[in-house]
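First the structure, in the form of structure tokens, and then the observations on it.
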Amino acid sequence: MDWMTLTGTGLGALVGVGSTLLADRVRRRRDLAERTRQERKEIYVTCLSKYRQAYEAMHTAAVAHREREPAALDAAVREAFRASGCDEVRESALICAPERMADVVEAVYTTLRDLLGVFASGNPALDTAEFQEYRLKHAQTVWAARAAMRRDLQRRA
């Protein structure tokens with residue numbers, strides 16, 4: 001019996017099985033990384049979309065109820081905020097997104113809550129420069145969040 005042939009065949013089989021296992025492992029990691037990136041993308045898009053819906057709903061309620069008594073304005077704006085679903089999506093983002101993105105999500109939410117207070121109180125009025133400062137701060141925070149989210153999605157997991 002030729003031991004060299006048998007040894008060569010055995011080594012070839014080991015190399016073949018080993019390379020197949022390694023390729024499968026690499027493919028699984030790549031697939032997992034892509035699936036994770038897609039999940040984060042969905043979370044980010046949903047989060048920013050719900051925040052935008054909350055802003056629009058609060059603004060609409062504030063305009064529609066600005067001539068009514070303060071309690072009615074406050075109730076309408078707070079209901080618009082609650083109905084937007086941004087609290088739920090915020091919690092989902094804080095749980096599922098990478099920890100480094102929690103501050104980004106929270107910064108946008110904080111400026112949105114500031115606007116909630118403005119819309120609910122009617123002070124400052126929506127046509128003032130002071131209100132525009134609140135709105136601009138929120139818009140800048142949203143733009144910064146988008147940039148951070150893009151960077152996060154481009155990063156290799």
Side-chain angles (χ1 to χ4, degrees), residues 18-157:
S19 64
T20 300
L21 290 174
L22 181 61
D24 284 347
R25 182 176 176 175
V26 169
R27 187 174 28 259
R28 268 195 316 271
R29 279 189 176 180
R30 186 181 61 236
D31 291 348
L32 177 61
E34 180 57 24
R35 201 169 38 250
T36 301
R37 192 184 75 74
Q38 286 297 329
E39 288 171 359
R40 284 196 324 262
K41 179 181 174 185
E42 289 177 25
I43 289 169
Y44 296 157
V45 168
T46 302
C47 189
L48 291 180
S49 296
K50 289 291 187 177
Y51 285 0
R52 181 65 189 176
Q53 290 171 1
Y55 173 86
E56 293 296 332
M58 290 187 306
H59 185 269
T60 300
V63 169
H65 293 85
R66 69 177 150 204
E67 300 301 322
R68 297 178 71 191
E69 64 183 61
L73 171 63
D74 183 79
V77 169
R78 291 185 187 283
E79 178 54 32
F81 181 81
R82 272 191 296 280
S84 72
C86 68
D87 278 329
E88 293 83 357
V89 77
R90 171 182 165 249
E91 290 301 323
S92 178
L94 291 176
I95 291 169
C96 298
E99 200 170 322
R100 64 185 173 272
M101 296 303 294
D103 289 341
V104 171
V105 170
E106 206 51 24
V108 177
Y109 185 79
T110 299
T111 62
L112 189 62
R113 291 294 299 206
D114 292 344
L115 283 166
L116 169 64
V118 169
F119 286 134
S121 69
N123 186 21
L126 302 182
D127 57 354
T128 64
E130 189 178 352
F131 170 75
Q132 292 305 318
E133 288 177 24
Y134 281 98
R135 193 192 60 71
L136 181 60
K137 181 180 178 187
H138 177 68
Q140 289 170 336
T141 306
V142 169
W143 277 102
R146 286 183 188 127
M149 290 171 180
R150 278 190 207 101
R151 283 190 306 273
D152 183 57
L153 292 172
Q154 291 170 351
R155 184 178 285 140
R156 296 263 184 221

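Numbering starts at 1 and runs along the sequence shown.
Rounded to the nearest 0.5 Å, atoms CE (M101) and CG (L153) are 7.5 Å apart. Rounding to the nearest 0.5 Å places CG of L136 at 11.0 Å from OG1 of T111. Atom CD of Q154 is separated from atom CE of M149 by 14.0 Å, given to the nearest 0.5 angstrom. Summarising the geometry, atom OG1 belonging to T141 is positioned 15.0 Å from atom OH belonging to Y109; distances are rounded to the nearest 0.5 Å. For the atom pair E42 CD and C96 SG, the distance stands at 11.0 Å (nearest 0.5 Å). Taking SG of C86 as the reference point, atom CG of L116 lies at 8.5 Å (rounded to 0.5 Å).
Under the 4.0 Å criterion applied to side-chain N and carboxylate O atoms, K50 and E88 are not assigned as salt-bridge partners. D87 and R82 are not joined by a salt bridge, as no carboxylate oxygen comes within less than 4.0 angstrom of a charged side-chain nitrogen.
In terms of heavy atoms, Y44 sits closest to A97 at CE2-CB, 3.9 Å. The two residues H138 and L112 have their closest heavy-atom pair at ND1-N, 3.8 Å. Listed here is the closest heavy atom pair of L73 and R66: CD1-N, 4.4 Å. Shortest non-hydrogen contact noted between A76 and A61 is O-CB, 3.8 Å.
Within the 4.5 Å cutoff, no side-chain heavy atoms of F81 are placed close to those of F119. Counting heavy atoms from C-beta outward, H65 and R68 have side chains that approach closer than 4.5 Å. Residues Y51 and T46 have side chains not in contact (no heavy-atom distance under 4.5 Å, counting atoms from C-beta outward). Side-chain contact between R27 and L32: absent, with no pair of heavy atoms (C-beta onward) separated by less than 4.5 Å. Using a 4.5 Å cut-off on side-chain heavy atoms (C-beta onward), R40 and P98 make contact.
Partners of R78 by salt bridge (charged side-chain N to carboxylate O under 4.0 Å, His left out), not counting sequence neighbours, listed by chain and number: D74. Residues passing the salt bridge (charged side-chain N to carboxylate O under 4.0 Å, His left out) test with R30: none are found, sequence neighbours excluded. Residues meeting the side chain to side chain donor-acceptor pair (under 3.5 Å) test with Y134, sequence neighbours left out: none. With sequence neighbours excluded, no residue satisfies salt bridge (charged side-chain N to carboxylate O under 4.0 Å, His left out) with R146. Residues meeting the salt bridge (charged side-chain N to carboxylate O under 4.0 Å, His left out) test with R37, sequence neighbours left out: E34.
Among residue pairs with one or both ends in residues 122-133, those qualifying as side chain to side chain donor-acceptor pair (under 3.5 Å) are Q132-R135; sequence neighbours excluded.
In R100, the CZ atom is crowded: over 12 heavy atoms of neighbouring residues, nucleotides or ligands sit closer than 6.0 Å.
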Steps toward side chain to side chain contact (heavy atoms under 4.5 Å, CB included) verdict (L126, H59) = CA-CA 9 Å; L126 302 182; H59 185 269; 4.2 Å; yes
